[in-house]
Structures are given as structure tokens and as C-alpha cells.
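Have a look at the structure below, then the notes.
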Amino acid sequence: MFETFFKSEAASGILLLAVTILALLTANSPLAPIYFDALHAYLGGLSLLHWINDGLMALFFLLVGLEIRRELSNGELSTWPRRVLPGLAALGGMAFPALLYVGFNRGGETALHGWAIPTATDIAFSLGVLALFGSRVPLSLKVFLTALAIIDDLLAVLIIAVFYGSGLALPWLGAAALLAAVIFGLSRARVLPLWPYLLLGVALWFCVLKSGIHATLAGVILAFVMPAQSLPSSPSVKLEHGLHKWVAFAIVPIFAFANAGVSLVGLSAATLVQPVPLGVAAGLFLGKQIGVFGVTFAAVKLGLGRLPPEISWRALYGVSLLCGIGFTISLFIGVLAFREPGLQDAAKLGVLAGSLLSGLMGLVVLRFALRD
């Protein structure tokens, strides 16, 4: 199961890289007006970009929620000893990037809204880079990175829920809570057909969209109120298996194509050292490696966790660099944090620069760390 998940995420990461390059080329080609106009065309009350970011990404977060729940119940995070080290590493890998970003942007009230942008790790991209080393990568290193990234996803979901909602509409929030209770009731009654959960899930998404909490969180809520994955013929298992390839090879690439396209017209070195892109890039490249590696090192030396014997400190440092590949959720938080297109583009540049630096340096370090 784990090896299948790893290979799927790695292949998705390679596809994401190709789609990102395509988005950048399109946004800086004669097709740019068509590209941007299409994203802002309205369909059914929402722009195409909103349908992608609020609708399709709800399915992404549904899958994230299902994966987190599975790992917490009977996977790599099912016991506290397994959770401690990647959990502490994930916390450090979120705190230090946020602090660095705030340090670069402490003078701008609006810019400070983006403090969470560099806190995320893109599991598909990071595992995709690690997969390039094939059988030289110890299983324990793959498991550590996967567990860290899953905990990172859980923390990112909490950040989005707490800090990036708009004004709450209590009637819609109450309706969403009622629907979640109904779905949980079906779960407790061991209703196994998948279709009732899907129908109620669509209604839950609509209520959450109207409630002021970001609509994508409906996916996470649905994942945690569905029947446990340990049940025979669990709809959660069916849904996770059914969603995985669609999310990895369609939904996330569509999101990347819609959100990674940044016009580079007029871009200069001065643009990249503005507080927002510099804070994001520094948070991903420096903050992630300091937080993940530094906290893991401290935890092991203090006896709070144990590094598996197959993992060297050099290999761990290489993986700490890969954690600086933020991309999917970093881009997503950037869209939520800023309303101004200029700040959104600045954040995207920071995400692309920080992720590129982290990926390249991670490749170099791991090449030497895993050569034996």
C-alpha cells in the first residue's frame, strides 16, 4: 500500500513540474490574454478560477483528509512513537518559515496576511524528487518524509480553517454542521453504499461555501465523518482509491496550470527582492531546512525521538531541503491571503523561486548522501 502511494505521488510530482512550466510559458506567450480571460470567465455565479480553487480543490482536500485519517488509524502515524519525530519536524518546518516571512514583512500590514504561505510542503513534488534516486532511498526515509508531509497537510488545513475564512454566516454554518451530523449518523449506522455520502457531501460543500469558511474544508470534514476505513467494504476506502488518480493526475495539475501562470513581463532582480516574494522564498528555502533538520536533530539529542538507523544525518538534511518545495498548498494559501493580483503574483514568484532552490539543493545533497 505504501509503495503504491509513494510511486503514484512521485509520478504526480513529475507531471506537476511539466504543467508548471507549461503554465509559465502560456502566461508569457501570445496566448496569455486567452489564458487569463478564460480563468476569469464566469460560469454559474463563479469564475472558472473559483470553480477550480473552491470546487476541484475540495476533492483534493477530501483525499488529503482520507489519507490523514488512514495514517492516524492504522498507518505510519498510528502510534505516538511513530508520530513524535515527524510531528516535531513538521511543527518546526512550519514555525521557522512563518517567522522568517514575518521578519521580512513586519512593516506591511497587508503583506503580513501571507505569513502561512511558506509553511506548506508539497508531498507530490517532494516525493517525486526523492523517487529519482530509486532503490538507493531507504524505506524509512520515504516513510519519514511522507509522514512529515501528511502532518504538514493536517496543520495547513487547520491554518486555512482558522486564519483564512471570511465573515461567518451562522445560518449556513449551522446547516453545514447539521449535514456533517447526518453523515456521521449514517456512518455510525454502518451505511456502506457510497452514493448517500457523495450527495450529502455536495450539499455540505455548498453550505460551507456560503458559511464564510473556505469551501475546500468541506472535503476534510466529509473525510472525518465518513465510516472508518477499518470497516469491511468501507466507502472511505472506495472513495480514496477512486479519487487518488483523479486528484494526482487531473485535479492538482489543473490547479497548477490555473495558478502557476505568472506574467514575467517587466520582471527584474528588484522584483524578486521585494518583501513578499523574498519572505516566501526565504521561508521555503531557509526556514524549512532550519525547522525540519534543526528540530529533528534537537529532538533526537534530547531523547524525544529516535532516528531510524537506515537514515544518515546527511540524507535527513537532503529531505529537509525537499520540504521547502511548497507549491500546491503554498500557491493555494497565497490566493486566500491576498486579494490584490499584484501581491498574489509576488507570492507565486516567491513560491516558485523557493521551491526551485529547495528542489535543486535537495537533489545535490541527496546525490552525495545516497551514493552508497
Side-chain angles (χ1 to χ4, degrees), residues 5-21 23-24 52-53 56-57 59-61 63-65 67-68 86 89-90 93-94 97-98 101 114 116-132 142 144-157 159-160 216 244 247-260 262 280-281 283-289 291-292 318-337 347-363 366:
F5 171 82
F6 177 80
K7 289 175 182 176
S8 177
E9 290 292 338
S12 173
I14 295 169
L15 175 61
L16 270 180
L17 178 60
V19 170
T20 302
I21 294 171
L24 285 169
I52 292 169
N53 291 347
L56 287 182
M57 286 300 283
L59 295 174
F60 167 80
F61 279 100
L63 180 61
V64 167
E67 289 172 347
I68 290 171
M94 299 192 91
Y101 179 89
I117 297 171
T119 62
T121 292
D122 190 293
I123 188 170
F125 258 134
S126 55
L127 289 179
V129 175
L130 194 62
L132 295 176
K142 299 176 187 176
F144 178 83
L145 177 57
T146 303
L148 188 160
I150 288 172
I151 295 172
D152 188 284
D153 282 347
L154 176 59
L155 295 173
V157 167
I159 287 173
I160 292 168
T216 52
H244 205 280
V247 169
F249 298 107
I251 291 173
V252 174
I254 289 171
F255 169 82
F257 184 73
N259 288 274
V262 182
V280 172
L284 287 171
F285 180 60
L286 297 176
K288 277 291 185 180
Q289 59 174 292
V292 172
V319 161
S320 302
L321 283 163
L322 295 188
C323 290
I325 304 176
F327 205 71
T328 305
I329 296 184
S330 289
L331 289 175
F332 186 70
I333 294 176
V335 172
L336 300 181
K348 290 176 184 179
L349 285 173
V351 170
L352 294 173
S355 298
L356 181 62
L357 277 172
S358 298
L360 291 176
M361 285 299 296
L363 271 173
L366 285 169

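Quick note: residue numbers are just sequence positions, from 1.
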Task: Evaluation steps, side-chain contact (heavy atoms from CB on, under 4.5 Å), between Leu322 and Leu366 - done: CA-CA 10 Å; Leu322 295 188; Leu366 285 169; 3.7 Å; yes

Open item on the list: Give me the atom names and distance for the closest heavy-atom approach of Leu148 to Ala89.
Closed with: CD1-CB, 3.5 Å

Task: Residue pair Ala116 / Ile333: nearest heavy atoms and the distance that separates them - done: O-CD1, 3.8 Å

- [ ] Starting at CG of Leu331, measure out to CG of Asn259 and round the result to the nearest 0.5 Å.
- [x] 6.0 Å

- [ ] Look at the aromatic rings of Phe327 and Phe125 and report parallel, tilted or perpendicular, splitting at 30° and 60°.
- [x] perpendicular

Task: Sub-4.5 Å side-chain heavy-atom contact between Thr216 and Phe60 - done: no

Task: Atom pair CD1/CG of Ile325 and Leu130 - distance to nearest 0.5 Å - done: 10.0 Å

- [ ] Indicate the atoms forming the closest heavy-atom contact of Ala337 with Gly114, along with that distance.
- [x] CB-CA, 3.9 Å

Open item on the list: Distance check, rounded to the nearest 0.5 Å: Thr121 atom OG1 versus Leu284 atom CG?
Closed with: 8.0 Å

Open item on the list: Contact between Lys288 and Asp152 at the side-chain level, heavy atoms closer than 4.5 Å - yes or no?
Closed with: yes

Task: Side chain to side chain, Leu352 and Thr20, heavy atoms closer than 4.5 Å - done: yes

Open item on the list: Nearest 0.5 angstrom please: Phe257 CZ to Leu24 CG, how far?
Closed with: 10.0 Å

Open item on the list: How close do Ala248 and Pro253 get, counting heavy atoms only, and between which atoms?
Closed with: O-CD, 3.4 Å

- [ ] Scan Pro86, Ser126, Ser320 and name whichever one has a side chain to side chain contact (heavy atoms under 4.5 Å, CB included) with Leu145.
- [x] Ser126

TODO: Apply salt bridge (Lys or Arg N to Asp or Glu O under 4.0 Å) to Asp153 and list each qualifying residue two or more places apart in sequence or on a separate chain.
DONE: none

- [ ] Mind checking the CG-CE spacing from Leu63 to Met57? Nearest 0.5 Å is all I need.
- [x] 11.0 Å

Task: Residue pair Phe61 / Val157, side-chain heavy-atom distance below 4.5 Å - done: yes

Open item on the list: Between Leu16 and Asp122, is there a side-chain heavy-atom distance shorter than 4.5 Å?
Closed with: yes

Open item on the list: I want to check something: taking the side chain as every heavy atom from C-beta on, are Ser330 and Val280 in contact at a cut-off of under 4.5 Å?
Closed with: no

Task: Interatomic distance, Leu155 atom CG to Ile150 atom CD1 [nearest 0.5 angstrom] - done: 12.5 Å

- [ ] Show the numbers, then the answer: is there a side-chain contact (heavy atoms from CB on, under 4.5 Å) between Glu67 and Ile123?
- [x] CA-CA 12 Å; Glu67 289 172 347; Ile123 188 170; 5.5 Å; no

